Each structure stands twice: as C-alpha cells, then as structure tokens.
Amino acid sequence: MNSRERFLAACACTPLDRPPVWVMRQAGRYLPEYRALKAKSSFLEMVRTPELAAEVTLQPLRRFALDAAIIFSDILVIPEALGQGYKFRDEGGIAMDFTLETQAQLDRLDATGVATRLDYVGQALARVKTELKGERALLGFAGAPWTLATYMVEGGSSEDYTRIKELFYTNRPFFNALLEKITAAVIGYCQMQIRAGADAIQLFDSWGGIIAGQDYEAASLHWTRQIIAALPKDFPVILYAKGVNSQLTDLAFSGARVLGLDWTVDLGIARKIVPGNVALQGNLDPVLMNTSPAIVRRETAGLLESMRGSSGHIFNLGHGIMPTAKIECMEALVETVTAWK
Ligand code: CP3
C-alpha cells in the first residue's frame with residue numbers, strides 16, 4: 001500500500017498497521033529552503049505563481065516521509081477573489097485592504113467567477129499531482145465561511161472578535177447575506193480544486209471556538225455543512241474546527257469524513273464519542289516541536305498508543321507547525337509514526 005492509498009484508507013476508517021502522517025506548515029517558517037525562496041519572492045507572489053507554490057508544497061516531502069502534501073496557498077485567497085484583498089502587517093498578523101461594514105461593500109463582493117480567478121491554485125495542484133505520481137495524497141483546502149468572515153469583518157487578525165460577534169447578534173440578515181456569498185465562493189473553489197486533482201479537502205474553521213457553543217450551528221456549522229453537501233458524495237473532507245470541542249457530535253454529523261482535532265482534546269476520549277465511521281486527525285501540540293527529539297518520540301508514541309486498535313486515525317499536529325519548530329523534532333515525529341507497529 002502506498003502513502004496515497006494509506007491516507008484514503010484512513011479517511012474511510014479502514015484498519016491499518018499504522019496511521020498516515022502529514023503536517024501543516026502554516027505560518028511555520030521552519031524550513032531553510034522555504035526561507036530561501038521567501039527571500040526572493042513575497043508570500044503573495046509565491047501563492048500566485050503555480051511553479052513556486054508547487055515547489056513550496058513539495059519542500060517538506062523531499063525531507064520527510066510524509067504520506068500527504070497540502071497545497072501551498074492561504075485561506076484568504078477567497079476574500080481576495082471576492083474583492084477584499086489582504087496583506088501582512090509588519091508587526092505580524094493579517095491586514096485586510098478594508099474592514100467590511102456597509103451594505104454597499106457587501107453588495108460589491110462578487111461570488112461569481114471566484115474559481116476562475118483562483119485558477120492559479122488549480123494549476124499549482126495539477127503540477128504537484130504530476131510530481132506525486134499517485135504515490136502520496138494531495139490535499140486542497142479552504143477556510144470555513146465563519147473563519148473567513150472574521151477576517152473580513154474584523155479587517156484582519158483580531159484580538160477579541162467583537163465586530164464579527166456584534167454583527168452576528170445585531171444584524172443577522174447582513175451576517176447571513178455575507179456568509180451566503182462566502183459559502184458560494186468556497187463551494188466553487190473546492191469543486192475546482194477537486195477537478196485539479198485534490199484527493200481530499202481540509203476546511204479550516206480556525207476561529208470556530210470563539211463563538212458561544214450554542215451559536216456555533218448558526219454562525220458556522222450551518223454554512224460548512226452546505227459546502228460538504230455540495231461536494232461529490234463520499235469525497236474525503238477533513239473538518240478542522242479549533243476549540244470546538246464540546247460539539248464533537250455535531251461536527252461528526254456534518255458530513256465530513258474526518259474531524260481534525262486540536263491538542264486540547266484527548267484523542268482516545270474523542271474516539272469513544274465520535275461515531276466509528278468518522279476518522280480523526282491530530283493532534284500533537286505544535287509546541288512539542290520546539291523541545292527535543294526524545295520528548296517528541298515519547299509524546300508521539302503516547303498518542304499512537306491511545307489510538308491502538310481504533311481505525312480511522314490520521315497523525316498530525318493539533319494546529320500548524322510553528323516557525324520555531326526544530327527540524328530534528330519533525331524527523332523524530334515522522335520516524336516514530338512510520339515505524340509504529
Ligand atoms: O502547510 C502549508 O503551508 C499549507 C498552506 C497554508 C498556509 N496558510 C500558508 C501560509 C494553509 C493551510 C494556511 C491556512 C491558513 N491561513 C489558516 C488556517 C489554518 C490555521 O492556522 O488555523 C489561517 C487562519 C490563515 C491566515 C494566515 N496566513 C495567518 C494568520 C498567517 C500568519 C500571519 C503572520 O502573522 O505571520 C498567514 C501566513 C501564512 N500562510 C504563512 C504560510 C506559510 C507564513 C507566511 C510567511 O512566510 O511569512
């Protein structure tokens with residue numbers, strides 16, 4: 001069984017000798033070869049140039065025996081394609097070109113043709129697909145509508161998410177109209193990524209945990225479910241909803257084949273709560289990658305042990321790897337998972 005087959009088997013909860021492993025690098029400038037490319041081109045240039053995006057996608061796979069690659073891009077390409085661009089603040093974090101607040105700004109967002117405007121992502125996927133030769137799995141991704149709306153309404157990265165929450169509670173028609181546009185754009189975008197060769201799609205609801213638990217459905221899951229329902233039946237969707245741990249059962253009935261879990265959830269307990277036909281992905285604390293190979297081996301083995309005998313596990317970190325991660329820790333992680341019996 002090659003890596004791609006192993007990955008898809010884990011998504012389908014087929015019993016395996018060891019789980020597949022991959023790691024997200026978002027905001028993780030831990031690879032010298034990434035920093036070397038970044039010295040020559042800006043992040044946005046790399047995202048928009050299929051050749052460069054494909055190269056950055058493949059960098060970690062040359063170093064580590066990972067079972068899957070995640071396409072190099074950003075969740076914020078969707079607001080940008082809708083008409084609200086973004087850049088990085090000098091002091092860190094994201095700045096959107098404007099803060100979305102008026103009806104006129106909402107009306108100007110154009111959800112038609114988003115997939116065409118993001119064709120460069122499809123081209124990058126097709127390039128990587130060819131390079132992987134069917135041996136390793138290729139993941140596309142998108143932001144969940146709620147998480148994208150937080151950036152659009154807050155005007156960038158936020159400390160307290162007051163604006164988006166106030167909007168949700170005070171002007172539901174505006175909120176719903178915005179989320180409807182984002183959802184339509186994400187659906188077209190995911191369908192395009194599947195046509196371009198993605199084996200699975202991960203939806204990132206990175207800020208799902210900031211809304212009241214009882215409002216998670218109306219604010220976020222309602223929209224994510226529409227995306228999953230619009231994709232081909234049984235196509236593997238991984239739903240990563242950070243901090244949404246009291247609603248594992250609701251997430252499990254979203255239609256996603258896999259739930260991505262952050263490190264605050266005990267994987268063994270999650271396995272008992274989530275129905276056996278839904279796979280789990282995660283969930284080592286990314287901070288461990290700053291420690292030492294011995295500690296990473298110990299914690300990785302502990303996590304694997306907690307899932308012994310349960311099928312449907314994809315090994316991953318509980319969030320993106322940090323820029324401070326040590327390469328020898330990443331090696332220790334991949335070695336421990338791939339040697340696991
Ligand atoms: O592993 C990968 O590289 C996959 C590609 C990927 C990136 N962003 C590249 C990236 C993925 C899957 C993302 C998703 C993403 N982007 C999310 C969801 C995942 C999560 O972390 O919860 C979010 C919230 C974003 C928005 C975003 N993009 C943030 C908050 C930042 C950090 C800004 C900062 O303060 O530096 C980014 C930048 C970003 N996206 C980088 C990468 C590799 C770092 C850019 C750099 O090299 O400086």
Side-chain angles (χ1 to χ4, degrees), residues 21-48 52-61 63-64 66 68-80 84-96 121 124-125 128 137-152 154-159 161 164 186 189-190 193 198 200-210 220 224 238-244 260-263 281-283 286 289 316-325 330:
V21 54
W22 71 277
V23 163
M24 190 181 74
R25 167 196 43 221
Q26 196 269 326
R29 291 131 273 198
Y30 75 110
L31 290 178
E33 55 270 36
Y34 173 78
R35 291 196 298 267
L37 270 187
K38 182 78 187 297
K40 289 185 275 177
S41 323
S42 72
F43 176 77
L44 292 178
E45 273 162 13
M46 295 199 298
V47 164
R48 289 180 194 137
L52 291 176
E55 170 59 23
V56 177
T57 302
L58 291 164
Q59 282 177 341
L61 281 88
R63 250 182 210 272
F64 313 109
L66 300 166
I70 182 160
I71 193 69
F72 176 76
S73 186
D74 203 88
I75 60 168
L76 297 171
V77 297
I78 285 285
E80 178 172 56
Q84 192 181 4
Y86 67 103
K87 49 186 172 302
F88 296 102
R89 293 183 186 133
D90 291 338
E91 65 277 20
I94 304 287
M96 304 305 291
V121 180
L125 280 161
V128 177
L138 174 58
L139 276 77
F141 71 89
W146 163 258
T147 286
L148 294 175
T150 66
Y151 285 98
M152 296 171 80
E154 297 288 328
S157 306
S158 176
E159 296 267 292
Y161 301 93
I164 183 73
V186 172
Y189 181 49
C190 290
Q193 293 188 68
I201 297 271
Q202 176 151 331
L203 296 175
F204 287 99
D205 201 3
S206 305
W207 308 124
I210 60 148
S220 183
T224 306
I238 305 166
L239 174 54
Y240 172 79
K242 185 167 182 286
V244 190
L261 301 174
D262 70 53
W263 62 93
Q281 174 176 283
N283 68 349
M289 307 308 275
N316 207 312
L317 300 179
H319 201 186
I321 192 163
M322 301 163 101
T324 44
M330 184 65 179

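Counting starts at 1 for both ligands and their atoms, in listed order. Quick caveat: nothing in here was measured; it's all calculated off a predicted structure. These values consider heavy atoms only, across backbone and side chains, with no hydrogens, waters or symmetry-generated copies.
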Run the side chain to side chain contact (heavy atoms under 4.5 Å, CB included) test on Asp205 and Tyr240 for me, step by step, so that the C-alpha distance in whole Å, both residues' side-chain angles and the decisive distance to 0.1 Å come before the verdict. CA-CA 6 Å; Asp205 201 3; Tyr240 172 79; over 6 Å; no
Are Tyr86 and Tyr151 an aromatic pair by the rule of ring centers under 6.0 Å?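 Aromatic pair excluded; centres sit 6.0 Å or further apart.
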N/O separation below 3.5 Å, [X] to ligand 1:
X	answer
Arg29	yes
Tyr240	no
Thr147	no
Gly93	yes
Ser157	no
Lys38	yes

Element-labelled atoms of ligand 1 that are located less than 4.0 Å from some non-hydrogen atom of [X]:
X	result
Ile71	4 (C), 5 (C)
Ser73	5 (C), 6 (C), 7 (C), 8 (N), 9 (C)
Phe204	12 (C), 18 (C), 19 (C)
Phe72	3 (O), 43 (C)
Tyr34	43 (C), 45 (C), 46 (C), 47 (O)
Gly92	35 (O)
Phe88	33 (C), 37 (C), 38 (C)

Distance (rounded to the nearest 0.5 Å) between Met289 CE and Met322 CE: 11.5 Å
Within this structure, what is the CD-OG distance for the pair Glu55 and Ser41, rounded to the nearest 0.5 Å?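 OG of Ser41 is found 11.0 Å from CD of Glu55.
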Quick one: does Thr147's side chain have a donor or acceptor within less than 3.5 Å of a partner on Ser206's backbone? yes
With sequence neighbours excluded, tell me which residues meet side chain to side chain donor-acceptor pair (under 3.5 Å) with Ser158.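 Ser158 satisfies side chain to side chain donor-acceptor pair (under 3.5 Å) with Glu154 only.
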Closest approach of Val244 to Gly208 (non-hydrogen atoms, all atoms of both residues):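 Minimum heavy-atom contact is CG2-C, 3.5 Å.
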Give the minimum heavy-atom separation between Leu37 and Val56, together with the two atoms involved. CD1-CG2, 3.6 Å
Phe72 vs Phe43 aromatic rings, parallel, tilted or perpendicular, using cut-offs 30° and 60°? perpendicular
Hey, looking at [atom], which of [options] has the closest heavy atom?
atom	options	result
atom 23 (C) of ligand 1	Thr150, Asp262, Ile75, Val23	Ile75
atom 11 (C) of ligand 1	Phe141, Tyr151, Trp207	Phe141
atom 40 (N) of ligand 1	Ile70, Val47, Asp74, Ile321	Asp74
atom 19 (C) of ligand 1	Pro323, Ser206, Ala142	Ser206

Report the C-alpha separation of Trp146 and Thr224 in whole Å, then their side-chain angles, then the decisive distance to 0.1 Å, and conclude whether the side chain to side chain contact (heavy atoms under 4.5 Å, CB included) test is met. CA-CA 8 Å; Trp146 163 258; Thr224 306; over 6 Å; no
For Glu33, check salt bridge (charged side-chain N to carboxylate O under 4.0 Å, His left out) against everything at least two apart and list the hits. Arg63
Side chain or backbone of Gln202 under 4.0 Å from ligand 1, or both, or neither, by non-hydrogen atoms? neither
